[in-house]
Every structure is written in C-alpha cells, then in structure tokens.
Amino acid sequence: MLKSHFGVNRKGHLVCGGVDTVELCEEFGTPLYVMDEERIRENYRRFLRAFGRRRRVRLCYALKANSNSAVVRVLATEGAGADVSSENELRIALGAGIPGEKMVFNGNLKTEGELRLALRHGVTINIDCFQELEVVGRLAEKTGREARVSFRINPDVKAPTHPYIATGLRESKFGFDVKSGEALEAYRRAKGMRNVRIVGIHAHIGSQILDPSPFVEEAEKVMEVVAQLRELGIELEFVDLGGGVGIPYRPEEREVDLEELARRVVSTVERVERERGMHEHLLVFEPGRYLVGDAGILLARVEYTKERKGLPRWISLDAGMNALIRPALYGAYHHIELANKMNLENDTLTNVAGPLCESGDFLGKERLLPRAERGDLAVIFDVGAYGLSMSNQHTAKPRPAMVMVRRGKAALVRRRETFRDLTRLDLLPPWLR
Ligand code: LLP
C-alpha cells in the first residue's frame with residue numbers, strides 16, 4: 001500500500017510530488033534521492049497542529065535526520081527551530097535562515113570551538129555532563145556573553161526500539177542521571193555560575209518509537225524533576241522532550257496517533273504544573289524522522305539479475321549500504337517496489353543487493369516484487385531521514401544526488417559527487433611524488 005502522497009500514472013510509473021520518477025532518473029541519473037517538499041510541510045504542520053492546539057510549543061527540527069540545505073530551508077520557512085549536534089549543522093541551520101535563538105545544541109561531545117559558536121549565536125546548549133558545564137561557564141565568562149543552558153537528563157525510560165537508537169536508559173552514555181541526584185546537582189552548580197542562565201530541561205529517550213506510552217512516561221519523569229527544581233528556586237522557560245516519534249516502515253505498521261500522543265503528553269505536563277502551582281512552560285520537541293522520513297525516496301537502477309533454482313532471485317542495484325546504510329546497520333526494513341512497474345503483480349521472491357563487495361550489502365531480503373529485469377528502476381521508500389545523511393563513499397562510490405519535487409517541478413538540491421570530489425582531499429607525501 002502506497003502512502004497517500006504518492007501516485008501511479010497511466011504508464012504504471014510511480015509519481016512523487018507530481019513528477020514521474022522514471023523521468024526524474026532519465027534527467028538526473030541514478031542512484032537518486034528525491035524529497036517531496038509538500039510532504040515535509042504537511043508533516044510539520046500535522047505535528048505542530050496536534051500539540052499547538054493544546055499548548056505553546058516549538059518544534060526544533062533535528063538536522064541529523066537530513067541536513068541538506070534545501071530541506072532545512074523548507075522547515076525554516078515553516079517557522080521551525082533547529083536541533084543541531086555539530087558546528088556544521090549549526091551553520092547549515094543559520095544559512096537556511098533559522099535564528100540561533102530558536103536552536104538547541106545537543107550531544108555528549110561539543111568541542112570548545114563548537115560551544116563558542118553556539119554562544120555567539122545565542123543557541124541554547126543542552127549540557128550533557130559536569131565538565132561541559134564548566135567549559136561553558138568559563139567560555140561565557142571569558143567572552144562576556146550569557147550562556148543559555150539547559151540540562152539533558154536521563155529519565156530511565158525504556159523505549160521499544162532498536163538498542164542502537166534507544167537513549168533513555170540509565171546505562172546509556174547520555175545525560176545526567178536522575179536517580180542518584182546528579183541532575184539536581186547539575187542545576188545547583190549552574191545556579192551559582194555567573195553568565196550562565198538556566199532556561200530549560202531536556203530529555204530524549206530514543207528514536208523510531210511508535211507507541212505514545214514511553215513519551216508519557218518520559219513527560220512524567222521530566223516534570224517530576226521540574227517540580228523538584230522549583231523547590232530549589234529554579235524556574236524554567238521550557239521543557240524539551242526531544243525527538244523520537246516514529247513512522248511506519250512496514251506495510252503492516254500503523255501511523256502514530258499524534259492526537260492521542262499530544263493529548264496524553266500535554267495533560268501529563270499540565271497536571272504536574274497545576275498540582276505544583278507552576279507556570280506554563282514552553283514545550284519543545286525535536287522531531288527529525290517524523291518530519292522528513294516518509295518525504296524521501298531513493299531511486300536505483302536494477303543493473304543485473306541472477307537466478308538460482310529454489311532460491312530467491314537476486315537483483316543488484318546501483319545503490320546499497322553506501323547510499324543507505326540503515327538495513328545493513330540496524331537490520332532496518334525499507335519497503336521496495338519497482339518504480340516503472342507499479343501496476344504489475346508482486347509475484348517474484350527477490351533479494352535486493354547493493355553494488356559493494358560484502359554480503360551485508362543488501363537493501364532487502366525475500367521481498368515480493370514484479371519480476372525485475374536489467375534496466376528496471378527500484379524505489380526504496382521512507383529514506384528521507386538518516387538516508388543521505390548517513391551515506392558513505394565505500395569503494396570510492398560517489399554519494400547520490402538529491403532532487404526536491406513540488407507540484408510537478410523538480411530541482412537538484414544536491415549534486416552527485418564526482419571523481420574530483422572523492423579525491424580532492426587526498427595528498428601524497430613528498431617522498432612518493
Ligand atoms: N534529539 C536528539 C537529542 C537526538 O539524539 C535525536 C536522534 C533526535 C532529537 C531526533 O530523533 P528522531 O525524531 O529523528 O527520532 N540513525 C538512526 C537514528 C538515530 C537517532 C539519533 N538521535 C536511524 O537511522 O534510525
């Protein structure tokens with residue numbers, strides 16, 4: 001079943017953003033990432049509406065999902081803030097027109113250089129450890145700028161997701177432990193620091209979570225800390241619950257019920273605010289995948305096919321774990337179809353391989369597809385998040401190009417890498433010249 005923003009035309013070709021994907025590949029080549037601008041906007045508005053109807057809320061787009069400048073620009077024009085996790089993401093967000101005041105800087109390792117840039121632009125720093133707090137305090141003092149800080153706490157919530165992308169458990173590397181009192185201690189220390197202004201609290205329990213309950217548990221635990229802080233005389237501007245809202249990847253998976261999620265999370269927050277006589281906090285979320293994941297597809301050419309009696313048919317695409325690493329890294333499922341044979345029956349058991357010289361390089365195993373022939377076009381769905389942003393150049397393959405489509409128009413938003421791009425940073429030592 002295709003998601004509602006796709007169509008199929010009379011030729012049986014997949015249509016995205018009003019554009020025939022087969023024609024896109026003729027014009028721009030393969031492998032090709034395609035981002036549907038309208039879908040990004042719809043996702044943003046749906047998320048904002050669900051929470052915004054109930055609360056003052058800010059969405060800080062997590063650039064790590066897809067930091068392409070055009071993608072970030074689309075969200076900037078919607079009014080989004082940004083969650084950045086490196087100096088360069090911060091620069092990309094600024095370049096796209098997102099002001100520093102609407103950004104949060106996350107991560108367990110922010111270098112002094114990165115922190116200086118954040119301070120210069122008034123970016124809120126979500127502090128991850130005591131040493132980082134000291135560094136920020138020192139830099140703020142030295143530069144005479146006030147640091148806006150918030151603390152990432154570890155709420156010890158188990159998120160039902162892949163262990164590599166679960167972050168809220170006590171044993172994870174992130175944030176300040178709540179149980180042992182570390183989190184409160186961090187706030188106490190910051191309170192005594194000149195040039196440091198405490199503005200919020202932050203947590204992120206993991207990614208690709210489809211069930212609202214862990215978010216409700218997170219909200220409860222975070223609000224408990226907020227209430228304790230109040231007793232210490234520390235009042236916050238915002239409560240940042242991070243990202244993590246998932247999308248359906250498998251045909252049988254259901255969409256997250258955003259209305260239910262918003263209702264339950266907001267009522268949890270409001271209950272604690274009411275009970276403890278607190279003011280209303282600005283709610284912050286850092287969605288990445290939810291905003292851009294299903295807005296992106298990857299188009300790849302079927303180059304060769306192989307038949308072995310009694311085994312699924314192998315097809316080799318010109319994109320594999322170099323272009324999209326999620327299947328190899330997490331065993332992630334991405335739905336695959338043939339973009340030029342959308343009207344044919346899916347009757348052939350097929351293994352979908354990439355072009356690299358390792359067995360882990362596949363995009364799907366045992367999939368039902370129409371019988372694929374050399375020259376056909378495969379489409380891999382739901383790759384707008386953590387697709388191009390995690391791609392690599394293994395075996396010196398150039399990274400794919402990316403186009404953005406909107407109302408029947410297409411524009412290149414990232415050019416395909418070239419031999420020159422791949423080699424321009426290499427140097428020979430003098431003795432080998
Ligand atoms: N905020 C923080 C602090 C994060 O660490 C992340 C993601 C997000 C927000 C955005 O999460 P999202 O809404 O996209 O779930 N590479 C993995 C996902 C890693 C997510 C890391 N942190 C994947 O391909 O599934």
Side-chain angles (χ1 to χ4, degrees), residues 40 43-44 46-47 51 58-67 71-72 75 80-86 89-90 93 103-110 123-128 150-155 157 159-169 172-176 200-211 214-215 218 222 238-250 253 256 258 261 284-296 298 321 323-334 363 380-392:
I40 300 174
N43 290 342
Y44 179 86
R46 193 181 322 111
F47 199 116
F51 285 92
R58 170 175 301 154
L59 304 189
C60 290
Y61 169 56
L63 264 78
K64 59 177 83 63
N66 188 329
S67 55
V71 169
V72 183
L75 288 160
D83 153 26
V84 299
S85 41
S86 72
E89 283 188 356
L90 202 164
M103 289 188 209
V104 289
F105 195 172
N106 278 316
N108 62 314
L109 192 146
K110 311 175 197 77
V123 174
T124 296
I125 302 168
N126 281 334
I127 306 241
D128 197 85
S150 128
F151 291 87
R152 174 159 185 172
I153 64 157
N154 189 320
V157 173
T161 187
H162 191 285
Y164 286 11
I165 56 177
T167 50
L169 276 182
S172 105
K173 71 171 175 178
F174 294 104
F176 290 89
I201 189 163
H202 165 69
H204 171 77
I205 55 173
S207 197
Q208 183 49 20
I209 301 166
L210 293 166
D211 172 13
F215 293 109
E218 177 194 15
V222 170
F238 69 80
V239 172
D240 177 349
L241 296 176
V245 178
I247 60 168
Y249 283 97
R250 294 175 184 270
E253 273 171 345
V256 177
L258 267 193
L261 176 70
V284 178
F285 293 93
E286 302 166 353
R289 187 185 324 261
Y290 188 87
L291 302 185
V292 296
D294 70 7
L298 173 62
M321 63 190 276
L324 176 69
I325 203 171
R326 302 191 72 255
L329 188 60
Y330 312 118
Y333 177 97
H334 282 271
L363 296 181
I380 299 102
F381 287 94
D382 303 311
V383 298
Y386 309 109
L388 194 60
S389 72
M390 292 176 80
S391 66
N392 60 80

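Hydrogens, waters and symmetry mates are skipped; everything else that's a heavy atom, side chains included, is used. Counting starts at 1 for both ligands and their atoms, in listed order.
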Considering only heavy atoms, does D83 approach ligand 1 within less than 4.0 Å through its side chain, its backbone, both, or neither?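 The part of D83 near ligand 1 is the side chain, not the backbone.
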
Can you find a heavy atom in the side chain of L363 that is under 4.5 Å from one in the side chain of M321?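 The answer is no, as the side chains (C-beta and beyond) never meet within the 4.5 Å cut-off.
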
Would you say L258 and L261 make side-chain contact, with heavy atoms under 4.5 Å?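 With C-beta onward as the side chain, the pair touches.
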
Name of the residue among L63, N66, N43 meeting side chain to side chain contact (heavy atoms under 4.5 Å, CB included) with V292: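 When L63, N66, N43 are each tested with V292, the side chain to side chain contact (heavy atoms under 4.5 Å, CB included) holds only for N66.
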
For P287, the option from Y44, F47, Y61 that meets side chain to side chain contact (heavy atoms under 4.5 Å, CB included):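 The option that passes is F47.
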
Heavy atom of the protein closest to [atom] (residue, atom name, distance):
atom                    : answer
atom 19 (C) of ligand 1 : I165 CG2, 3.6 Å
atom 16 (N) of ligand 1 : Y330 OH, 2.8 Å
atom 1 (N) of ligand 1  : E286 OE1, 2.6 Å
atom 22 (N) of ligand 1 : K64 CD, 3.6 Å
atom 14 (O) of ligand 1 : Y386 OH, 2.7 Å
atom 15 (O) of ligand 1 : S207 OG, 2.4 Å
atom 8 (C) of ligand 1  : H204 CE1, 3.5 Å

Mind checking whether H162 has a heavy atom under 4.0 Å from ligand 1?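 Distance cut 4.0 Å: H162 fails for ligand 1.
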
Is there a heavy atom of A385 sitting under 4.0 angstrom from any atom of ligand 1?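 Distance cut 4.0 Å: A385 fails for ligand 1.
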
How far apart are the closest heavy atoms of [X] and [Y], and which atoms are they?
X    : Y    : value
C60  : V284 : SG-CG1, 3.9 Å
H162 : Y330 : CD2-O, 3.3 Å
D128 : G107 : CB-O, 3.6 Å
S391 : L388 : OG-O, 2.8 Å
G246 : Q208 : CA-OE1, 3.2 Å

Sub-4.0 Å atoms of ligand 1 with respect to non-hydrogen atoms of [X]:
X    : result
M390 : 16 (N), 24 (O)
P287 : 13 (O)
G243 : 1 (N), 9 (C), 13 (O)
G288 : 12 (P), 13 (O), 14 (O)
R152 : 3 (C)

If I apply the N/O under 3.5 Å rule, does [X] come out as touching ligand 1?
X    : answer
G244 : yes
R326 : yes
V245 : no
R289 : yes
N106 : no
Y290 : no

Report yes or no: is the cationic atom of R326 (NZ for Lys, CZ for Arg) under 6.0 Å from the centre of the six-membered ring of Y386, at an angle within 45° of the ring normal?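 Not satisfied by the 6.0 Å and 45° rule.
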
Output yes when a side-chain donor or acceptor of D382 lies under 3.5 Å from a complementary backbone atom of H334, and no otherwise.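 No; zero donor-acceptor contacts below 3.5 Å.
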
Would H202 and N106 count as having a side-chain donor-acceptor pair, cut-off 3.5 Å?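 Indeed, the side chains of H202 and N106 share at least one donor-acceptor pair under 3.5 Å.
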
Do D83 and K64 meet the salt-bridge criterion of a basic N to acidic O distance under 4.0 Å?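 Counted as a salt bridge, because a side-chain N and a carboxylate O are separated by less than 4.0 Å.
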
